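Source: prediction; values computed, not measured. All chains are named by letter (A, B, ...) in the order of the sequence lines, taking the proteins before the strands, and each is independently numbered beginning at 1.
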Amino acid sequence: MDPERYDPQQVEPKWTAAWEERALYRADENDTERARFYALDMFPYPSGDLHMGHLEAFAGGDVIARLKRMQGYNVLHPIGWDAFGLPAENAAISRGIHPKTWTRQNIDTQRATFQRLGISFDWSRTFNTCDPDYYRWTQWIFLRLYERGLAYRKASPVNWCPHDQTVLANEQVINGHCERCGHLVEKRELTQWFFRITEYAQALLDDMAELEDRWSDKVLTMQRNWIGRSVGAYVDFIISETGQTVRIFTTRPDTLYGATFFVLAPEHQLAEQLVAGTEHEAAFRRFRDTVDRETEVERLSTERDKTGVFLGAYAINPVNGERIPVWAADYVLLEYGTGAIMAVPAHDQRDFEFARNYGLPVRIVVQPEGEPPLDPGQMTEAMGHEGVMVNSGPYDGIPAGEAIRRVTADLAAQGRGEFAINYRLRDWLVSRQRYWGCPIPIIHCPSCGEVPVPDDALPVPLPDDVADFRPKGESPLATVSDWVNVACPRCGTPARRETDTMDTFVDSSWYFLRYTGLDPERPFDPDRVARWMPVHQYTGGIEHAILHLLYSRFFVKFLHDLGLVGFREPFRALLNQGMVVMHGAAMSKSRGNLVEPATIIDEHGADVARLTMLFAGPFEDDVDWADVSPEGMARWIHRVWRAVRGAADSGAGHGGASDPALVRHAHRATQAVSDDLERFRFNTAVAKLMTLSNDLADAVRSGRGSATEQRDTAERLVLMLAPLAPFVTEELWHALGHTESVHLAAWPGYDPELVRVERLTCVVQVDGKVRDRIEVTADAGEDDLRALALASPKVKAALADRPIARVITVPPKLVNLVTAR
RNA sequence: GCGAGCGUGGCGGAAUGGCAGACGCGCCGGGCUUAGGACCCGGUGGCCCUUGGCCGUGUGGGUUCAAGUCCCACCGCUCGCACCA
């Protein structure tokens, strides 16, 4: 036996260099034989070195890539960097160095850590989104969107982060706070660039059918909720005083007869008009001031009382001609629907609360079936469920569900409304008043207006020499006069460039296409894309459940409509790793609980770092680093090392007599581990490999199994461990006498005959309690089992002469004797 | 409030409705050592009258020959959305 200890610090760098030199993990563009497999990991932000979350994600993604490679696929496993963006910029500002310098440094650091970790990337097609060769094509896609009216500029109330001094997309506002810095977000009326993602709302919902079972329900549900489709009707009310038509959206047109007031969002222009010059103007102004001063969080809190003011006007209900008072109230949002609602307090909880606060009438128009009729005076909450129409003229007596259809149809026939679908999804606000991003390729000309930069003038470069990167509410690019001032591409008169940059999520919405080949002439080569995509397996954090994944899906649908890609969904299957925390809290420098992958590699080596993460629990669950033990993994690697070396030596004559049990274990483990890895059950795969290595170690120690059997078991162990721990397995593979890399070896198969169980323990129960265990052959039938069970002395004792009422047999695993009771 | 998910030893976690606790950590005992926080071997859910038996998967009910697993109610935790009409 080899007493020498396995030393990862010596072995790992050797193989990193060897793999690099041989370009072992390069995808083969010319191979037409092997099936292709695109294994993609979400590319990282270069803000410092890789963290533990990266370790888990990339370890998992690498197991998939390596497994597929061994299974004979032509694997594309690329990496790049999402290099633009606020975090990089903020860090650069606080350190007083250029964002580009800081970003490049971090990329170098992360690249080195990836290589130390032994992640099997194809380094020949790496890129950063801040390279002009990349963002040139981001701009190109922007212009395609612009041409089709899907990129546009408009003034609207937008989310503004006072700390980062920039606007944010709806998706980047978490509970009223900035996703990045955590500051309270304000609403500001600003002119900004948007992508018309709402155009694709229905397609984004419909195409999810393709993703069922291959994306988690959690992510699909989150996306569905985010898009927020609701079906209802537009209904036109008429303002009694002015004769203006005001359209509302409702999902409950059946309750139209129960509308007792009408509400406009405080910011609604009509509210302003209605009170102008009336006795209600002063009260309305005070109300608006209060609302404007409130933060989004305060205003949107459901805890807080709903407030509003009467506007002195009345709206005419189209179904019954009734005049109902028009109010402005803070619980109605300008951005959703039409910014105006009919209020039906009897059947809508929000309207109910508002009506109670202001003494407005409650009129029931749907009565629950089979229950005593509701009394408005006794109600403590709105009645939102099914029932039968009452107080509703011609609709009385019909079920509410049917009334929805009939009322809508009748209104449509009279031209006073129509069937409607509304989405919660808003257009994607993509402009940012910051420096470190992709410039928007538009020029503002005093005579031509907005003029797109011609394709042949791309890229619009991001200038390096900016005096001050600090945020001031306007992009720092505005201060670079020789960049800003250009001739209009259309008429040649002096014009100004757009100074806003694009949201980083624009950069990451198409990067996966560019990995198919760094095409100098185009964003990507459609033929290559057709060969590699859609991505077979995408791995990354659940935090991108909405943002990145929704935006990427939108981009691909758009590119599909342009005829550039032949599919509508970019990621065929999605795997989300859990978060890595420390004592239940997120790791961070300020908490002082930060553990970095580099530290673990220094201490125990990359294999141990990878295995520790993979064994910690199910891949999709959170990992608490405080609960895991790299030491245990280091011990196991060492045991594997000794056992495999021992088996290799037994070729020199140390093997013993043949042991069919060892052979069967090896084949059964091959089946089980293959199955586990295929289903991303890395933790149980490791457990089964541990059991196998323990058995092998015991066999080697006690001379069990022939030299060939020990060796075959050792080879299976090494092959199956290779995707998880690439370094020690490469070393052992060579120790076993192979000269080619284990990572190019074929994944082991198994003999079905050996996997099949021959003899096993059958459990004998009496009334469901285990009373004996008997050895049986796998082909034992019901009669055999019954006879063996009845012959057991232990069973006889347990039965104590009671008659057997029933015998349940599950051959060959179980017999249950049920006595009469 | 709405939606989704989860509750199993001291800990992380295993378990197609069919022997609960695989595998590992930790701990205990032993070996090897001048010594070890190295390495090796063994033990380790609780309780008992200790050959053997009883109890045990958040709580209470149910279905079943059989429930951690399926159904109902409740308690607790986590995540997502949150005045979306």
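Secondary structure note: stems in RNA chain B built from 3 or more consecutive Watson-Crick or G-U wobble pairs under 3.5 Å occupy B:1-7 with B:75-81, B:10-12 with B:23-25, B:26-31 with B:39-44, B:45-48 with B:52-55, B:58-62 with B:70-74.
Electrostatic pairing of Asp767(A) and Lys769(A) does not count as a salt bridge here, judged by no charged N lying under 4.0 Å from a carboxylate O. Under 4.0 Å is where a charged nitrogen must lie from a carboxylate oxygen, and between Glu620(A) and Lys218(A) no such pair does. Taking 4.0 Å as the cut-off between side-chain N and carboxylate O, Asp698(A) and Arg701(A) count as a salt-bridged pair.
Contact annotation for Glu631(A): no contact, since no heavy-atom pair falls under 4.0 Å across all strands. Within 4.0 Å (heavy atoms only), Gly632(A) reaches sugar-phosphate atoms of the nucleic acid but no base atom.
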Margin query: For nucleotides 8-15 of chain B, give me one character per nucleotide, 5' to 3': B if any protein heavy atom sits under 4.0 Å from the base, S if the only such contacts are to the sugar-phosphate, - if neither.
Written below: ---SBSSS
Check: Can you give one letter per nucleotide of nucleotides 48-54 of chain B, 5' to 3': B if a protein heavy atom sits under 4.0 Å from the base, S if only from the sugar-phosphate, - if neither?
Finding: ------S
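The NZ-C1' distance, from Lys218(A) to rC81(B), rounds to 11 Å in whole Å. To the nearest angstrom, P of rA85(B) lies 19 Å from CZ of Phe354(A). Across the protein-nucleic acid pair, Asn170(A) atom CG and rC81(B) atom C1' stand 13 Å apart, rounded to whole Å. Nucleotide rG80(B) holds its P atom 13 Å from the CG atom of Asn225(A), rounded to whole Å. Atom P of nucleotide rC23(B) and atom CZ of Arg668(A) are separated by 15 Å, given to the nearest angstrom. Atom CG in Asp624(A) sits roughly 14 Å away from atom C1' in rU78(B) (whole-Å rounding). Distance, Leu333(A) CG to rA82(B) P: 11 Å, rounded to whole Å. Across the protein-nucleic acid pair, Asp217(A) atom CG and rC6(B) atom P stand 11 Å apart, rounded to whole Å.
The nearest heavy atom of RNA chain B to Ser629(A) and to Arg252(A) marks one nucleotide each, and the one closer to the 5' end goes with Ser629(A). Along RNA chain B, the nucleotide nearest to Tyr336(A) and the one nearest to Arg773(A) differ in position, and the one closer to the 5' end is contacted by Arg773(A).
With no hydrogens or angles considered, no side-chain donor-acceptor pair links Glu322(A) and Tyr257(A) at under 3.5 Å. Between the side chains of Arg247(A) and Thr338(A), no donor-acceptor pair is found at a separation under 3.5 Å. There is a side-chain donor-acceptor pair under 3.5 Å between Asp427(A) and Thr198(A).
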Atom pairs and distances, donor-acceptor, side-chain atoms in residues 682-691 of chain A, under 3.5 Å, two or more places apart:
residue   : atom : partner   : partner atom : Å
Thr684(A) : OG1  : Asp676(A) : OD2          : 2.9
Thr684(A) : OG1  : Arg681(A) : O            : 3.1
Lys688(A) : NZ   : Asp676(A) : OD2          : 2.7
Thr691(A) : OG1  : Ala687(A) : O            : 2.9

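Annotated as syn: rG9(B), whose glycosidic dihedral is within 90° of 0.
In this structure Pro318(A) satisfies the side-chain contact (heavy atoms from CB on, under 4.5 Å) test together with Val235(A), Phe237(A), Leu411(A), Arg416(A), sequence neighbours excluded. Residues satisfying the side chain to side chain donor-acceptor pair (under 3.5 Å) test with Ser693(A), not counting sequence neighbours, are Trp636(A). With sequence neighbours left out, His604(A) forms a ring-ring contact (aromatic ring centres under 6.0 Å, His included) with no residue at all. Among residues two or more places apart in sequence or in another chain, the side-chain contact (heavy atoms from CB on, under 4.5 Å) test is passed with Gln765(A) by Val763(A), Val770(A), Leu814(A), Asn816(A). Scored by the ring-ring contact (aromatic ring centres under 6.0 Å, His included) test, Tyr358(A) finds Trp327(A), Phe354(A) as partners (sequence neighbours excluded).
One N or O on the side chain of Asp351(A) and one on the backbone of Val344(A) form a donor-acceptor pair closer than 3.5 Å.
Of the listed nucleotides (rC23(B), rA85(B), rU16(B)), rC23(B) has the atom at the smallest distance from the side chain of Asn694(A).
Nucleotides rU78(B) and rG29(B) have their C1' atoms positioned 40 Å apart, rounded to a whole Å. Straight-line distance between the P atoms of rG46(B) and rC39(B): roughly 27 Å, to the nearest whole Å. Here the separation of rG24(B) from rG43(B), taken at their P atoms, is 12 Å to the nearest Å.
Residue pairs meeting the side chain to side chain donor-acceptor pair (under 3.5 Å) criterion with at least one partner in residues 576-585 of chain A, sequence neighbours excluded, do not occur; the list is empty. Screening residues 759-780 of chain A for ring pair (Phe, Tyr, Trp, His ring centres under 6.0 Å) gives no qualifying pairs among residues at least two apart or on separate chains.
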Enumerate all atom pairs, one protein N or O and one N or O from nucleotides 37-41 of chain B, separated by less than 3.5 Å.
residue : atom : partner   : partner atom : Å
rC41(B) : OP1  : Arg701(A) : NH1          : 2.7
rC41(B) : OP1  : Arg701(A) : NH2          : 3.3

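Within 3.5 Å, a donor on the side chain of Asn816(A) pairs with an acceptor on the base of rC65(B), or the reverse.
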